[in-house]
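This report concerns only the one structure given below.
Here, residue 1 is the first one in the sequence, and each next residue gets the next number.
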Amino acid sequence: MDTSAWIYPWDVADHGPSALSPVVRDAGLCAVNVAVSYHSLFATVPDNPRRHLVELPRGMVYYRPDPARWHDSAVKPRVSAWVDELGDALTLGRELAERAGCGLTAWTVGLHNSLGRRHPELALRTVWGDVVTAALCVRNPAVRAYAAALVADVGARADRVQLESAHWLPLPHHPHVKLALPHPVNLGMIAQICFCDHCRAAGEAAGVDVGALTAALQRRWQRCYETPVLQPLSTEEGYEAYQAVRVEAVTSLVAELVGRSPVPVEFVTFGDRAATGAHLADIERAGAAVRALAYGPAERVKEVRAAEEAAPDRPRSLHLGLSLLPEHVADHEAFLGAVDAAGDAPSLSFYHLGLVGAERRTWPGSVRRG
């Protein structure tokens with residue numbers, strides 16, 4: 001079975017490629033997925049020789065961009081100071097991969113970052129015009145140019161590009177969320193649909209009366225606090241057509257990124273697809289492999305597989321992401337149960353070598369040994 005595992009660049013730098021390579025090699029991993037572009041983070045790092053906690057207040061890139069690949073993007077990546085302190089993520093990842101005899105995947109978080117704080121014109125705008133700085137608009141041409149440059153840049157130095165958040169960001173997605181939503185499905189969905197100028201124009205071009213739709217959704221939001229039961233949002237005129245425009249934006253973006261990448265591309269799916277706008281069958285047809293996150297014991301893995309198999313947009317091949325973390329699998333037996341529940345998935349990726357201790361890092365090796 002094709003297996004890989006996620007890891008952060010500071011894990012590689014702190015432990016050292018020479019110390020980690022036997023772990024990767026003994027596990028029989030086909031690739032290491034090293035984060036090269038990542039969102040904000042607060043994490044514990046068990047048995048790390050240099051630190052106990054990692055706090056990243058901003059989303060940044062962790063490699064040195066090639067300026068020649070960014071001429072067509074007005075927006076440039078924000079490079080973490082850790083690159084100077086610890087080293088370039090792609091250089092560290094390549095050394096680990098070569099020592100372990102496996103491939104290197106550039107784990108790339110695309111549109112969920114902090115660029116919206118510096119460039120609010122790129123960010124998602126709600127039905128009221130509020131700016132959501134952690135979520136970039138999929139339809140915005142400058143955002144798409146940024147994502148294309150990023151994929152071309154990291155793909156030139158990796159064996160595969162793994163896209164995370166190459167879709168609309170499901171909300172809420174914030175470390176200190178305060179919500180009081182009597183109808184979380186309706187209200188949450190209303191709050192996360194983008195109505196920036198680019199999206200409005202695309203909706204109007206598709207025949208949607210966007211002004212009428214925004215007014216209807218604003219009224220719906222208010223009624224959610226007053227009415228026990230509401231009809232689905234799809235009953236609002238123009239809603240389904242506007243959703244189709246959102247889906248097309250994601251599919252066409254992925255197709256563009258596949259075209260710009262010099263290496264194979266993988267699309268990671270998570271969250272409600274009505275929110276993310278990800279149509280997995282179309283994304284697969286655009287040339288990207290699809291990986292669903294199924295973090296949990298066997299029961300959770302089975303739920304994810306069953307839901308995907310029943311979905312009308314199911315891809316032909318569904319790769320899976322499984323977890324090594326104690327919050328998801330209590331012990332080795334539970335981990336093996338999750339692996340067994342993955343069935344005939346063409347590949348498994350394990351989360352996460354840097355967030356667990358030495359013993360759990362050996363668990364992927366038991367998959368190879370059967």
_Member of Leu325, Leu324, Ile7 meeting the side-chain contact (heavy atoms from CB on, under 4.5 Å) criterion with Leu355_ =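 Result for side-chain contact (heavy atoms from CB on, under 4.5 Å) with Leu355: Leu325.
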
Main chain of [Y], side chain of [X]: is a donor-acceptor contact present, judged purely on distance under 3.5 Å?
X	Y	answer
Arg25	Arg99	yes
Thr105	Trp107	no
Thr251	Glu248	no
Asp11	Val45	no
Asp159	Leu104	yes
Asp47	Ala358	yes
Ser21	Ala19	no
Glu266	Val161	no
Arg220	Gln231	yes
Ser261	Val265	no

*Give the intermediate values and the outcome of salt bridge (charged side-chain N to carboxylate O under 4.0 Å, His left out) for residues Arg305 and Asp344.*
CA-CA 11 Å; Arg305 290 190 64 204; Asp344 58 357; 3.2 Å; yes

Testing the 3.5 Å rule here: is there a donor-acceptor pair between the side chains of [X] and [Y]?
X	Y	result
Ser4	Ser349	yes
Arg157	Thr91	yes
His328	Ser323	yes
Asp26	Thr362	no

Minimum heavy-atom separation for [X] and [Y], please, with both atom names.
X	Y	answer
Ala292	Leu318	CB-CD1, 3.9 Å
Val250	Ala166	CG1-O, 3.7 Å
Leu96	Pro17	CD1-O, 3.8 Å
Asp153	Pro65	OD2-CA, 3.2 Å
Ala288	Phe267	CB-CB, 4.2 Å
Val301	Gly296	CG2-O, 3.8 Å

Is there a side-chain contact between [X] and [Y], using heavy atoms and a 4.5 Å cut-off?
X	Y	result
Arg125	Phe195	no
Pro9	Tyr63	no
Asp272	Pro170	no
Val268	Leu293	yes
Thr235	Leu233	no
Pro364	Leu29	yes
Val79	Met60	no
Arg285	His279	yes

Common cluster, [X]/[Y], ILVMFWY with side-chain heavy-atom separation under 4.5 Å:
X	Y	answer
Val339	Val23	no
Val131	Leu115	no
Leu353	Leu90	yes
Val245	Leu136	no
Val290	Val109	yes

Which class fits the ring pair [X] and [Y]: parallel under 30°, tilted 30 to 60°, perpendicular over 60°?
X	Y	value
His332	Trp363	tilted
His352	Tyr8	tilted
Tyr62	Trp10	perpendicular

I'd like to know if [X] pairs up with [Y] as an ion pair, taking the criterion as any Lys NZ or Arg NE/NH1/NH2 lying under 4.0 Å from an Asp or Glu carboxylate oxygen.
X	Y	answer
Lys302	Glu299	no
Arg260	Glu256	no
Glu204	Arg200	no
Glu85	Arg50	yes
Arg64	Asp84	yes
Arg94	Asp88	no

For [X], is the [atom1] atom crowded, meaning more than 12 foreign heavy atoms sit under 6.0 Å from it?
X	atom1	result
Glu359	CD	no
Asp197	CG	no
Glu55	CD	yes
Glu237	CD	no

*asked:* Pair Arg246, Gln243 - check side chain to side chain donor-acceptor pair (under 3.5 Å), show working.
replied: CA-CA 5 Å; Arg246 296 176 74 245; Gln243 279 288 77; 2.7 Å; yes

*asked:* Distance to the ring centre below 6.0 angstrom and angle to the axis at most 45 degrees; does that hold for Arg51 and Trp82?
replied: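 So Arg51 does make the cation-pi contact.
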
_side-chain contact (heavy atoms from CB on, under 4.5 Å) assessment of Leu92 paired with Val34_ = CA-CA 9 Å; Leu92 290 165; Val34 179; 6.0 Å; no

*Quick one: which of Arg273, Arg314, Arg291 gives a salt bridge (Lys or Arg N to Asp or Glu O under 4.0 Å) with Glu308?*
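Between Glu308 and the candidates, salt bridge (Lys or Arg N to Asp or Glu O under 4.0 Å) is satisfied uniquely by Arg273.
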
*Check against side-chain contact (heavy atoms from CB on, under 4.5 Å), Arg361 and Phe350*: CA-CA 10 Å; Arg361 281 198 292 272; Phe350 302 111; over 6 Å; no

*Go through Val367 and Phe335 one step at a time and tell me if the side-chain contact (heavy atoms from CB on, under 4.5 Å) criterion holds.*
CA-CA 10 Å; Val367 176; Phe335 168 74; 4.0 Å; yes

*Could you go step by step and tell me if Leu150 and Val154 meet the side-chain contact (heavy atoms from CB on, under 4.5 Å) rule?*
CA-CA 6 Å; Leu150 179 62; Val154 300; 4.2 Å; yes

